[in-house]
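Heads up, the thing below is written out as structure tokens.
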Amino acid sequence: MVSITTEYISVGGNRHPAAADWDVQLGVLAFGADNNVALWDPSETSQRGVYSLLVGHTDKVSAVRFYTCPITGAKLLLTGSVDHTIRIWRADSANARQFTHAHTLVGHTNSVNTIAVADDIDIVASGAADGSVKIWKISVQEEGAKGDLAQSLTMKPRFFPLALSLTLLPTDAQDKPAVLAVSGTINRVQLYVSENTSAGTDFKLCATLSGHEAWVRSLSFTNDKQSKSGELLLASASQDKYIRLWRLQRGEVAPAAPAGDEDSVLGGLETTLSNKAHQFEAAGSKYSITFEALLFGNEDWIYTTAWNPSADCQQLLSASADNTLTIWEQDPVSGVWLSAERMGEISVQKGSTTATGSTGGFWIGLWSPDGKRVVSLGRTGSWRAWKYDVDSDMWLQALGITGHVRSVNGIQWEPTGGYLLSTSADQTTRLHAEWLRDDTKSWHEFSRPQIHGYDLNCLDTLGPARFVSGADEKLLRVFNEPKPIAQLLERLSGFKSSTEEELPDTAQIPVLGLSNQAIGDEPLAEGNENAEAAPILANQALISNLNHPPLEDQLARYTLWPEHEKLYGHGYEISAVAVSHDRTLIATACKASSLDHAVVRLYDTSDWHEIRPSLTAHSLTITGLCFSYDDRYLLSVGRDRQWAVFCRDEQDSSSFSLMTSNPKGHSRMILDAAWAPMASPVFATAGRDKSVKIWAMVENSFECKTNVSLESSVTAISILPYVHEASFFLAAGEESGKLSVYQVDIGSLEAKHLASLDKLISPSRTITQLSWRPCSRKTEGENKHRFELAVASEDASMRVYAISTVLS
């Protein structure tokens, strides 16, 4: 019997202002994570982070909204995507924090940009890059949910809607009219009113609000908490760096008196700050909307605005590309709207490059259901959190969640399983470890060793305090663990590095440099030593003394690993890297379309020089390299459908020569390979031909002993690094995202299927690499064992699964 559970999901958020929502009733925050929808409870005391990914969309998720059905009270989650569809997910009856797919709304002909919902209305609105806003009538049955297209609004003049906000108008009538605010790639806000919300088919343009000078990115309605007649406030935020507040009320408003000639200060702002009242009628009542206030102070585009959901506070939260999250409040005496709190980056760091950890702005800002917390999503895909502290009357930064935002291409455990490294096409390498405290443990990112200028393709560890990575550049880079990170891991994860060498101090990236440079390696500018070194040393002390995993701004700036060495020789992008188990050799390969570059280069780790000549056998790109457990053999597999085994010279341990190769190992390209932990040499290969083959040594060659057929191309395999009950475990990952585990008998080498991962908890795109944790734990009784498997995928997720098995 085998059970597979998800231990850890690390994934970053999509950089789209509408791609997240925090539900008031459930307390769950849902956000787009590549083509999946991630679910996270930021107030959870266990700090487990993302607990589920909803799989279904075929392209990036760009809009997320929770919706409560006014008739049945059923909780729905609406998600829009670049794949032109909107999916309706319904909360499970057994567990309201889990969602299942109920219905797909089809009608848009381009990327869905935004979705608007409102309390007590059974219609939702969606805006897309096809230049239309569609009104959908939502109905909930016992088991599922349904949506029917009720009306389609074509934007005139033609523009792409980027923001929508929907609410009910204040009225005494039984059937309240609804108002829909629409904005996008124009500098105006359009208001549409429907008198019959039960049908949702008669939205008509009734007012156009002008004043902004650039695209309007965000709209947000709220009931004015200081008004007794149910007046509404509408916040509109723009790329012109301003937020405008508009008041919508019943009745007519007298036009404001023109400013006198003597008022020279406002003379130039007359057109921008005009207070023209826009009048319209709905359900027999007259309404007017007037300009209320101009909120300024941001230095860059404003992406999102959100009103505090708390009934006591009338506060507006804005997220801007200037790296700040701002809370706006109305002064009780003067009525002027002021910036009450600013969170985020300090202005002196603006304009810094991605290499120095610049966040590149905040894309989303959200309130918690109780209005006591706020979160924001930055360019790095990480969520930052702030919590209001009543005692100090301050907003204090709390632990958020982090993850890659593009395909995760490589993962590798530290040799004893102490931590896990992942590297990605988002040009970062990240270190993940368990945070152990009392009876609780949770996974977190503890360090960001490498922030690079190229997409990263592969990596391997060189012991507990060093690793090597290869990217879309022609060289490899070796990094050393800095002392503060080693101290932090020892204190919070219980992982003590056994390295005997003295660890370097913190790294920094010099201006215009790509190399992480250890402090003190390069002379500082004369007369400026203390000025430059002091803050770095202070941050070093801060990191090593943290009582929790580092926050996002600390990860991006103060947890880099110093670069130790560069390995030259390849002519194209690095495609594979492997380190021998005795850590004396590094084998690497690069992308190749000819014999000249389809070679394996070996590097000696004692002096970092290349060992010549290169090893030749392939004619196209080598996709995988691995050393046998005794380091006697080096296996290479490639796109030319062949595998090759190189044997180590017994006299000269740095010399390898071709022992045997099979030019027709698979009928299509071979994508991965792994050695089995056996005394006699056995390895497995995985190919585009939807098969895994297990090969055993016979005399001086290898013969195929077992052929396992799978449903799609096998893109990654990994073998548990030790024999267990006269068998070993093999995990195979497919192009479809499917993951299977097999038990292979060491005598017959026959593979028995143990388990396949449920589609609902599997990656949604190609699995790029698998890696078993090099330690197992025995639990509850004699025969129950628990193993952990790390899985990297093109869907930007990196996951750790716990596999519990009772062996017969």
Side-chain angles (χ1 to χ4, degrees), residues 4-14 31-40 49-61 81-83 381-382 401-413 420-432 443 445 455-459 469 575-576 623-624 671-672 674 686 688 690 692 710-718 730-741 755-773 788-803:
I4 304 178
T5 54
T6 307
E7 286 284 292
Y8 175 49
I9 301 173
S10 170
V11 66
N14 290 344
F31 63 91
D34 198 69
N35 58 324
N36 304 319
V37 183
L39 302 178
W40 167 45
V50 173
Y51 66 83
S52 180
L53 285 179
L54 306 180
V55 176
H57 283 293
T58 57
D59 211 329
K60 274 194 164 42
V61 174
S81 165
V82 179
D83 66 12
S382 302
I401 57 172
T402 66
H404 291 291
V405 291
R406 291 182 64 191
S407 170
V408 183
N409 295 330
I411 46 172
Q412 194 67 48
W413 290 97
L420 176 64
L421 288 170
S422 64
T423 199
S424 162
D426 69 2
Q427 308 185 347
T428 64
T429 299
R430 303 174 187 234
L431 184 151
H432 313 261
W443 282 88
E445 185 180 341
D455 293 4
L456 290 152
N457 299 328
C458 50
L459 85 166
S469 71
S575 62
T623 53
L671 298 174
D672 203 5
R688 181 77 78 199
K690 307 180 184 178
V692 173
L710 287 95
E711 292 174 8
S712 61
S713 300
V714 188
T715 50
I717 55 171
S718 181
L730 182 148
E734 299 178 43
E735 191 173 43
S736 62
K738 186 179 177 184
L739 177 68
S740 309
V741 180
S756 288
L757 199 59
D758 189 294
K759 189 167 174 52
L760 294 174
I761 61 169
S762 302
S764 60
R765 290 192 179 177
T766 304
I767 292 174
T768 53
Q769 194 169 2
L770 300 170
S771 183
W772 290 94
R773 193 171 188 175
E788 284 169 319
L789 177 67
V791 179
S793 169
E794 282 183 10
D795 70 1
S797 72
M798 195 284 295
R799 311 168 195 229
V800 177
Y801 293 106
I803 300 172

Quick one: does [X]'s side chain get under 4.5 Å of [Y]'s, heavy atoms only?
X	Y	result
Lys738	Ser712	no
Val61	Leu54	no
Tyr801	Leu770	no
Leu739	Ser762	no
Leu421	Leu431	yes
Ser740	Glu734	yes
Phe31	Ile401	yes
Arg773	Val800	no

Backbone N/O of [Y] and side chain of [X]: donor-acceptor pair under 3.5 Å:
X	Y	answer
Asn35	Lys60	no
Ser407	Ala796	no
Thr768	Ala792	yes
Asp426	Val405	yes
Ser793	Thr766	yes

Look up atom [atom1] in [X] and atom [atom2] in [Y], then write down how far apart they are to the nearest 0.5 Å.
X	Y	atom1	atom2	answer
Asn36	Ser52	CG	OG	9.5 Å
Ile717	Leu710	CD1	CG	10.5 Å
Asp34	Arg406	CG	CZ	10.5 Å
Thr423	Leu456	OG1	CG	3.5 Å
Ile761	Thr6	CD1	OG1	4.0 Å
Trp413	Leu420	CH2	CG	4.5 Å

| said: Before you tell me yes or no, could you show the steps for Glu711 and Ser736 under side-chain contact (heavy atoms from CB on, under 4.5 Å), namely the whole-Å CA-CA distance, both residues' side-chain angles and the distance that decides it to 0.1 Å? | reply: CA-CA 9 Å; Glu711 292 174 8; Ser736 62; 5.8 Å; no

Testing the basics here: between [X] and [Y], what is the closest heavy-atom pair and its distance to 0.1 Å?
X	Y	value
Ala425	Asp455	O-OD1, 3.1 Å
Ser382	Gly403	OG-N, 4.3 Å
Gly410	Gln769	CA-OE1, 3.1 Å
Ile411	Ala790	CD1-O, 3.3 Å
Ile767	Gly733	CD1-CA, 3.7 Å

| message | Restricting to side-chain hydrogen bond (donor to acceptor under 3.5 Å, both in side chains), what partner residues turn up for Ser797, sequence neighbours left out? | response |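 Applying side-chain hydrogen bond (donor to acceptor under 3.5 Å, both in side chains) to Ser797 gives Asp795, Arg799.
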
| said: Applying side-chain contact (heavy atoms from CB on, under 4.5 Å) to Thr429 and Leu459, what does each step give before you reach the verdict? | reply: CA-CA 9 Å; Thr429 299; Leu459 85 166; 4.0 Å; yes

| field | With Tyr8 via ring-ring contact (aromatic ring centres under 6.0 Å, His included) - residues at least two apart | value | His432, Trp443

| request: Begin from the C-alpha positions of Val714 and Asp672 and carry the test side-chain contact (heavy atoms from CB on, under 4.5 Å) through to its verdict. | output: CA-CA 8 Å; Val714 188; Asp672 203 5; over 6 Å; no

| request: Report the C-alpha separation of Trp40 and Ile9 in whole Å, then their side-chain angles, then the decisive distance to 0.1 Å, and conclude whether the side-chain contact (heavy atoms from CB on, under 4.5 Å) test is met. | output: CA-CA 10 Å; Trp40 167 45; Ile9 301 173; over 6 Å; no

| Those residues that, when tested against Glu735, pass salt bridge (Lys or Arg N to Asp or Glu O under 4.0 Å) (two or more places apart) |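 Glu735 satisfies salt bridge (Lys or Arg N to Asp or Glu O under 4.0 Å) with Arg688 only.
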
